[in-house]
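Each chain gets a letter, A, B and so on, in the order the sequences are listed, and its residues count up from 1. Just the heavy atoms: all of them, side chains too, but no hydrogens, waters or symmetry mates, feed the values below.
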Amino acid sequence: MATRPAGVYDVTYQQDIAVVRTLPQWISLFIFLCFLAVFPILFPNRYLLNLVNTILIFIISAYGLNILTGYAGQISVGHAAFMGVGAYACATFMTSLRLSFWISLPLSGITAGLVGILFGFPSLRLKGFYLAMTTIAAQFIITSFFLHFYKPEVLGGVKFLSGVTLKPIQLGTITFNTQENLYYLIMPCTVIMTFFARNLVRSRLGRAFVAIRDNDLAAEIMGISLFHYKLKAFFIGCFFAGISGAIYIAFMRIIRPDQYTLMDSIWILGILIIGGLGSHLGPIFGVIFVKLLDEVALLFAPALGKMLPAALSSRIGASMGLVIFGFIVVLFLILEPRGIAHRWEILKGRFRHWPFTYG
Amino acid sequence: MTYFLHFLLSGLYIGTIYSIIALGMVIIYKSTKVFNFAQGHLLMVGVLLTATIGSKFGVIGGLVIGFLGTAFLGFLLERLTLRPLIGQPLIAALLMTIAIGYLLEGGAIMAWGEGLYKYIELFPAKAVLLGKFPVRQEILWAFIVVIVSFSLFGLFYRKTLLGKAMRATAEDHQVSQSLGIRVARIFSISWVVSGMMAFIASVFLGNLSGGHYLNYALGLKAIPAVLVGGLDSIVGAIIGGLIVGVIESLVTGYLTAELGEVIPFIVLLLVLLVKPHGLFGLVRIERV
C-alpha cells in the first residue's frame, strides 16, 4: 500500500484513482516538464543527448511491454520484433509510398499492433510457458521474414538489406537532423505515450487487464471477454513497440536487418524486471538504469582491458555486456523481484513518515 | 530417392539431438515446473569442456570430465539461482534461466574465446551399409541412445520410488512435501539428470559441428521440439524432436535454407493453435 501525503483523504472514486493529488505535486510535475523542455539548452552535449534520446525511445517500447506483460500478464519474448515491424513499416511507408513521417508514425504503430494481434491469437488458448514460447516463435518468424522474404523494392522502394539511409524528418522548416532537434521530436512523443500508458492502466481497460493477469478464468466468469481484452492487450503493447520502432528509424535514419533480435527482446524484458514489472514507473527506471550501466561498463572496459593480457581482453569486451546484464537480472530476481520502482515507493514512504519509521 | 533419404537421415540425426535436449527440458519441467531456457547453454559448456579436456587427457578423460562437469553445473545452477525463486511468478523463473544462459554464454566466451575447437573422435569414420545405403555410425548410435534413454526414463518414472516421487512433485509441490518427499532434493536431481542429458546431446553435436560457443543456439531450436511434443511428455520430447529435425532438414533440402531456419517455429505455432498442450502433453482442467 503506497502511502499518501499527510492530510490527503479519498472521498470519491475519482480521488482514489487520481495521479496528481496535491498542489506541490502539480508544481513539481510542471517543473519536471519545464526541465524536460529546456534539457538540451542546459546540457548541450551531443554524447549525453544521444544517450537521452535512446533512453526516451526505449521507454516507449518498455511501456508497451509493461502493459502487455506487466498488467495483462501475457509474457512476450518477441517485443523487439514488433519494434522491428514498426521500423520496417515506417521505412516502407516513407520510401515506397512516399508518405510523410507524421502519417507513417501512427500507421506503423497500427501495423505493428495488427501483427501483434495476429501473433496474439494463440494467447486465447495458451498460457504460461507455452505462450512465452509462441512469442519467441513470433520473434524468429518476423526477423527471418524481414531478413529473407521482405521485398519493399517490389512496391517501388529501395532494398533495405544494404542498409538504406533515410532522409531526415522535416516539420515545416525544421529539420530533425541534430541530436538537439531530434530530442524535440522524441521527447514529446515519449511524454504523450507515457501519459497514455499511465492513464490507460487506471481506466476500465487497465482494470480488465489486471483482472486477466491475476486469474483469467475468474476474470472471464466476471464478464470480461478474454477474446477482446487479450487481443486488445496485444494490440496496445505492440502499438507502443511499433511507435518506438518508427521513432527509432527517425533517430538512426538507417535500417539494418540484423537489428531487433531475440537478445533485444530479452533485454527489454530484463529492463522491466529491473525497473519493476507492472508498475507505472518501472519502465523509466529500468531503461535508465540499464542504459547507464551500459555506459559505465563501456567506460571501464578499456581500463580493464589494459590490466589483462591482450588475448583475454578482447574476450572480455565481447562477453562483458552479456555477463553484466545476466548477473544484474539474476541479482534483481533474487533480491528485489519487484524492481527499482518498489524501492522508490519505500523511499517515498520513508520521507513521508519521517521521523517515524513505521507507516 | 537417395537425395530424399540423405536429407531424411540428416534430419533424423539432428532430430535425435533435439530430442535429447528436449528430454532434458522436459525432465526439469516435469518436476520443477520451470522451463529451462539455458539447456542449450549447458550443452555448449559440455561440448567445449569435452573438446578441450579431451585434446589433453584423451577421449576417456574428456568424456568423464565433461559428463561430471555438466551434471555439476546443472546442480549448481538449481541450487544457487532457482532455489530462491520458488513461489515466484512464472516470468521470474523464465527470465532467470534466460539470464543464466547469458551468464554461461559470456563465461564461455571469456574462458574459450570465439574459436572453433576440434571435438574428440569417438565414432569410426567408416559408414555402415543398410541394404545399399551407407549410414554414418554416429546416426545409429544417436538412435540407440534415444531409444535406450526413452525406455529407461519410461521405466524410471513408472517403476522406481524416486521416479514416482518426481511425478508426485510435478503434480503439487506442497502436497508432496507434506507427504514426506524431499522436494528440494527432487529439484536437484532433476537438474543433474538434465545436465547429463545436455552432455549426451553435446557428444553428438560435437561430432557434427565441433566445439564453439555458438552451439547454444541449438537449444533455441529445441524449443519447438519440446512444445510440439508437449512440455511434460517424454514421448512428446522424442517425437517432437524427430518431427522438427526431419521437417527442418527436408525444407532446407527441397526449398530454401532461410525457410528451414524458421519452419520449426511455424510448425510450433500451427500445432499449438490446434492442440494447446502439444501433441502428447497432459491437458489439465483448470479450476478457479
Side-chain angles (χ1 to χ4, degrees), chain A residues 69-70 73 75 77 119 121-122 124-134 136-145 147-149 215-218 220-221 262-263 266 269-270 272-273 277 311-312 314-316 318-335 337, chain B residues 29 33-35 37 80-85 88-96 98-114 213 220-221 223-224 226-227 230-231 256-259 261-269 272-278 281 286-288:
Chain A
T69 302
I75 298 173
V77 199
F119 285 101
F121 268 116
L124 302 172
R125 297 185 70 186
L126 300 177
K127 264 191 226 177
F129 288 120
Y130 283 99
L131 179 63
M133 295 308 146
T134 50
I136 284 195
Q139 165 78 47
F140 281 113
I141 292 170
I142 290 174
T143 42
S144 157
F145 174 75
L147 201 53
H148 303 297
F149 304 104
N215 191 327
D216 59 345
L217 286 181
E220 184 156 36
I221 291 166
L262 178 66
M263 171 94 202
I266 289 167
L269 211 54
L272 275 191
I273 284 288
L277 195 65
L312 208 60
S314 73
R315 294 176 180 182
I316 297 274
S319 62
M320 201 160 78
L322 287 174
V323 171
I324 290 179
F325 182 71
F327 194 62
I328 293 286
V329 170
V330 167
L331 280 188
F332 263 93
L333 281 172
I334 293 177
L335 300 178
Chain B
Y29 184 81
K33 287 278 179 290
V34 168
F35 183 84
F37 204 85
L80 293 181
T81 59
L82 282 143
R83 191 72 64 81
L85 288 192
Q88 292 277 351
L90 185 129
I91 185 172
L94 176 71
L95 258 175
M96 181 58 97
I98 292 175
I100 291 169
Y102 278 163
L103 280 178
L104 288 180
E105 189 189 337
I109 297 175
M110 274 190 197
W112 282 285
E114 292 174 340
Y213 84 99
L220 293 181
K221 284 188 159 178
I223 289 172
V226 185
L227 290 165
L231 260 178
T256 59
E258 289 88 14
L259 199 60
E261 290 271 304
V262 284
I263 200 76
F265 292 97
I266 296 173
V267 170
L268 164 71
L269 272 183
L272 288 190
L273 268 178
V274 183
K275 285 184 79 82
H277 293 270
E286 262 192 273
R287 293 189 174 82
V288 179

[X], part contacting chain B, at a heavy-atom distance under 4.5 Å:
| X | value |
| --- | --- |
| Pro122(A) | both |
| Ile75(A) | side chain |
| Ile273(A) | side chain |
| Leu277(A) | side chain |

Just so I know, are the side chains of [X] and [Y] near enough to count as touching, which here means a heavy-atom distance under 4.5 Å?
| X | Y | result |
| --- | --- | --- |
| Val77(A) | Leu94(B) | yes |
| Tyr102(B) | Met263(A) | yes |
| Leu103(B) | Leu322(A) | no |
| Arg125(A) | Leu272(B) | no |
| Phe119(A) | Leu269(B) | yes |

Quick one: which of [options] has the most heavy-atom pairs under 4.5 Å with chain B, could you say?
| options | answer |
| --- | --- |
| Phe327(A), Phe145(A), Phe332(A) | Phe327(A) |
| Val329(A), Ile324(A), Leu131(A), Leu269(A) | Leu269(A) |
| Leu124(A), Thr69(A), Asp216(A), Leu333(A) | Leu333(A) |

If you take all heavy atoms of [X] and [Y], which pair is closest and at what distance?
| X | Y | value |
| --- | --- | --- |
| Pro276(B) | Leu126(A) | O-CD2, 3.2 Å |
| Phe140(A) | Phe265(B) | CD1-CZ, 3.2 Å |
| Ala99(B) | Gly326(A) | CB-O, 3.6 Å |
| Met133(A) | Phe37(B) | CE-CD1, 4.2 Å |

Return the CD1 to CD distance between Ile334(A) and Gln88(B), rounded to the nearest 0.5 Å.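 Here the rounded value is 10.0 Å.
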
In Å, rounded to the nearest 0.5 Å, how long is the span from CD1 of Ile136(A) to CD1 of Ile223(B)?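 Ile136(A) CD1 to Ile223(B) CD1: 4.5 Å, rounded to 0.5 Å.
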
[X] versus chain A, the contacting section by heavy-atom distance below 4.5 Å:
| X | value |
| --- | --- |
| Leu231(B) | both |
| Val274(B) | backbone |
| Glu261(B) | neither |
| Val226(B) | neither |
| Leu227(B) | both |
| Leu268(B) | side chain |
| Leu80(B) | backbone |

With sequence neighbours excluded, tell me which residues meet ring pair (Phe, Tyr, Trp, His ring centres under 6.0 Å) with Tyr130(A).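 Result, ring pair (Phe, Tyr, Trp, His ring centres under 6.0 Å) vs Tyr130(A): His277(B).
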
More than 12 foreign heavy atoms under 6.0 Å from NZ of Lys275(B): is that the case here?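 No, the 6.0 Å shell around NZ holds no more than 12 heavy atoms from other groups.
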
